[in-house]
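Working notes for the structure below.
Throughout, protein chains are lettered first and strands after them, A, B, ... in sequence-line order, and every chain is numbered starting at 1. Predicted model, so just to flag it, every value in this text is computed and none were measured.
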Number of protein chains: 2
Amino acid sequence: MSAEDTRRQIVEAADRLFYERGFEATSFADLAAAVHLSRGNFYYHFKTKDDVLRAVITHRMITTRQMLDDWEVRNSQPASRIIAFIEILIANQAKIMAHGCPVGTLCNELAKLQHAAKDDAAQLFALFRDWLARQFAALGRAADADQLAMHVLMRSQGVATLATAFADSAFIHREVQSMRDWLEMQCARKDAV
Amino acid sequence: MSAEDTRRQIVEAADRLFYERGFEATSFADLAAAVHLSRGNFYYHFKTKDDVLRAVITHRMITTRQMLDDWEVRNSQPASRIIAFIEILIANQAKIMAHGCPVGTLCNELAKLQHAAKDDAAQLFALFRDWLARQFAALGRAADADQLAMHVLMRSQGVATLATAFADSAFIHREVQSMRDWLEMQCARKDAV
DNA sequence: CATGAATTAGGACAATTGACCTACGAGAGT
DNA sequence: ACTCTCGTAGGTCAATTGTCCTAATTCATG
């Protein structure tokens, strides 16, 4: 197997483990075991744990961009695209109830650790923020597009956090419906602003 | 100094450190140093780190109850009480931007660690949830009081998470105002439901 | 087959972790 | 003055951490 393949496998395993257990709680040994490598061999591919973290964040940036592009291709209407974003709360509800939002929990952890990569992690949020803002602008709400984007992002984060604490599927569905209703109201106001 | 005083000092220091750095990232040595005790002496007061965590959660339950009681005494109107809750986002904005919500981030961390105390931490959320629900019931919304309470809790959590990621004070103020507007709308609907 | 670069394995390293033990000292009550 | 309890200090313990090194193995190419 090429070093590039191994490296990608490591990043994907680290991505999953950092999400499920957290960055700090995942050890070098955990990562090596997850891809069936000796610790020594692991070191050949990544010198430090922070290197792995940086690679994971970069990897998430790429896959997130792909996901956003995909939503844009699959939905011609901006409103439908925003709904696609909202509905990941339902599609990923099992994982969210177990481990929270991958982006939100990583940002929180790195903020507490005052880790150098915390701003890089926040860029993952910025990706969603800018994408959502573009959709709201396309809806004719260019003036407050960023504020609307932050509002949607805020609600999805709040739902994720409470879903983790209470493991309540009905709550998720209710709040997702509430976000759909809110979005419809914003669409109706598109010319009024 | 009595053992009880020392114990209380430990719990208060642990409360602060668990919030600022996270539970796992705070070591026995950190805790002992924070209250100027040797590690051996620290062991006299708390046998395990989990014991400290349980004491911190219990301590937070007590102080949270006191805070909620205080809001109830200081505000005769249920709506004013809910606003008092909402406005902790502004009062504590500096800490929230640095370390997030104390309850939300602790629940997230313990969920990832699959820690035995994760349900105890969620009880802190339940405290706010039930208190908010009582206020909404007093507003004449007994039928959906719990759902409204969860909605308010959800929004405050979302604001806290994004505030940590983006360190944006204007965003906090904007969303707090939006919550005040939402609350006023709910109050107007008190008889219509 | 031979060479050499790429990849792997298996440790070693100091530092830190949570946990535990024993000995010392201060001070109240007799 | 004596004891006895409470609180403290310092050190030990195995286990684990992130990091690093070196020797072996693979494998394509000459």
Side-chain angles (χ1 to χ4, degrees), chain A residues 1-58 106 109-110 112-118 120-121, chain B residues 1-58 106 109-110 112-118 120-121:
Chain A
M1 185 161 46
S2 76
E4 199 183 345
D5 287 341
T6 305
R7 203 186 141 93
R8 196 179 55 246
Q9 270 200 314
I10 291 174
V11 170
E12 282 169 6
D15 190 359
R16 202 191 78 241
L17 288 174
F18 287 174
Y19 173 42
E20 291 175 358
R21 308 184 189 177
F23 168 68
E24 250 214 337
T26 304
S27 71
F28 248 78
D30 291 335
L31 292 170
V35 287
H36 308 102
L37 293 181
S38 62
R39 283 153 297 150
N41 189 11
F42 189 94
Y43 179 74
Y44 174 78
H45 298 281
F46 286 98
K47 297 298 174 193
T48 73
K49 202 177 164 186
D50 287 354
D51 285 344
V52 182
L53 177 61
R54 272 190 290 271
V56 165
I57 292 175
T58 302
L106 181 66
E109 184 178 1
L110 297 185
K112 294 219 187 218
L113 297 175
Q114 297 186 267
H115 194 286
K118 86 183 170 72
D120 298 330
Chain B
M1 184 160 48
S2 76
E4 198 182 345
D5 286 342
T6 305
R7 202 187 143 92
R8 195 177 57 246
Q9 270 201 314
I10 292 174
V11 171
E12 282 169 6
D15 190 359
R16 200 191 81 241
L17 288 174
F18 287 175
Y19 173 42
E20 291 175 358
R21 307 184 190 178
F23 168 67
E24 250 214 339
T26 304
S27 71
F28 248 79
D30 291 336
L31 292 170
V35 286
H36 307 103
L37 294 181
S38 62
R39 283 154 299 150
N41 189 11
F42 189 93
Y43 179 73
Y44 175 79
H45 297 280
F46 286 98
K47 297 298 175 195
T48 73
K49 202 177 164 187
D50 288 354
D51 285 343
V52 182
L53 177 61
R54 273 190 289 270
V56 165
I57 292 175
T58 301
L106 181 65
E109 183 177 1
L110 297 185
K112 294 217 185 218
L113 297 175
Q114 299 186 268
H115 195 286
K118 85 183 171 74
D120 299 330

- Task: Can you tell me the distance, in whole Å, between the CG atom of B:Leu37 and the P atom of D:dG10?
- Result: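 So the two atoms are 12 Å apart, to the nearest Å.
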
- Item | Integer-rounded Å distance: D:dC21 C1' and A:Phe42 CZ | 17 Å

- When you check every protein heavy atom under 4.0 Å of nucleotides 11-27 of chain C, what one-letter string (B, S, -) results, 5' to 3'? BB----SSSBB------

- Applying salt bridge (Lys or Arg N to Asp or Glu O under 4.0 Å) to B:Asp120 and not counting sequence neighbours gives none

- Message: Under the rule for salt bridge (Lys or Arg N to Asp or Glu O under 4.0 Å), what residues qualify as partners of A:Asp30, not counting sequence neighbours?
- Response: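 Expected list: A:Arg21.
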
- Message: Can you list, in residue-number order, the parts of residues 10-17 of chain A that come under 4.0 Å of DNA chain C, counting heavy atoms only?
- Response: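 Hits under 4.0 Å, by residue number: none.
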
- Message: Counting only side-chain nitrogens and oxygens, does A:His36 get under 4.0 Å of the OP1 or OP2 atom of C:dT8?
- Response: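 Answer is no, no contact under 4.0 Å.
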
- Query: Phosphate oxygens OP1/OP2 of C:dT8: is one of them under 4.0 Å from a side-chain N or O of A:Tyr44?
  - Reply: no

Do [X] and [Y] make a side-chain contact, defined as non-hydrogen atoms from C-beta onward lying under 4.5 Å apart?
| X | Y | answer |
| --- | --- | --- |
| B:Thr6 | B:Val35 | no |
| B:Phe28 | B:Leu31 | no |
| A:Ile57 | A:Leu106 | yes |

- Who pairs with B:Arg16 by side chain to side chain contact (heavy atoms under 4.5 Å, CB included), at least two apart in sequence or on another chain? B:Glu20

- Item | With A:Phe46 via side chain to side chain contact (heavy atoms under 4.5 Å, CB included) - residues at least two apart | A:Arg7, A:Ile10, A:Val11, A:Phe42, A:Asp51, A:Val52, A:Ala55

- Query: Is a side-chain donor or acceptor of A:Glu24 paired with a backbone partner of B:Glu24 at a separation under 3.5 angstrom?
  - Reply: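 No: the side chain of A:Glu24 does not pair with the backbone of B:Glu24.
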
